[in-house]
Amino acid sequence: DMGGQAPKVFVSVENTEDFDTSLLLKYLSERMEVNKLPRKAEIIDKIPRASNGKILRRELKEDI
């Protein structure tokens, strides 16, 4: 039980017209465990990063 939370994947791509999130989720479902599988995929312009290169997860959570 995840307490109402579900994994979500954020994707940054150059050409959004050619990218299909449903195909990504299908690809991941064939390769990941069910409990780790993202329920949603969201295309964003850029993955937010700190000056040291780490992903700013807090900013991504604000987008949910």
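- Between the CZ atom in R57 and the CZ atom in F10 there is a gap of 11.0 Å [rounded to 0.5 Å].
- Grouping the Ile, Leu, Val, Met, Phe, Trp and Tyr side chains by contacts below 4.5 angstrom, directly or via other members, places M32 with V9.
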Without placing hydrogens or testing angles, list every side-chain donor-acceptor pair under 3.5 Å for residues 44-55, not counting sequence neighbours.
from: R49; atom 1: NH1; to: G53; atom 2: O; distance (Å): 2.8
from: N52; atom 1: OD1; to: K54; atom 2: N; distance (Å): 3.1

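- Hydrophobic clustering (ILVMFWY, side-chain heavy atoms < 4.5 Å, transitive): L60 and I43 are in distinct clusters.
- By the side-chain hydrogen bond (donor to acceptor under 3.5 Å, both in side chains) test, R31 pairs with Y27, sequence neighbours left out.
- L25 and L37 make their closest contact through O-CD1, 4.4 Å (heavy atoms, listed as atom of the first residue, atom of the second, distance).
- Not counting sequence neighbours, the partners of N15 by the side-chain contact (heavy atoms from CB on, under 4.5 Å) test are E17, D18.
- For E30, the side-chain contact (heavy atoms from CB on, under 4.5 Å) partners are K26, not counting sequence neighbours.
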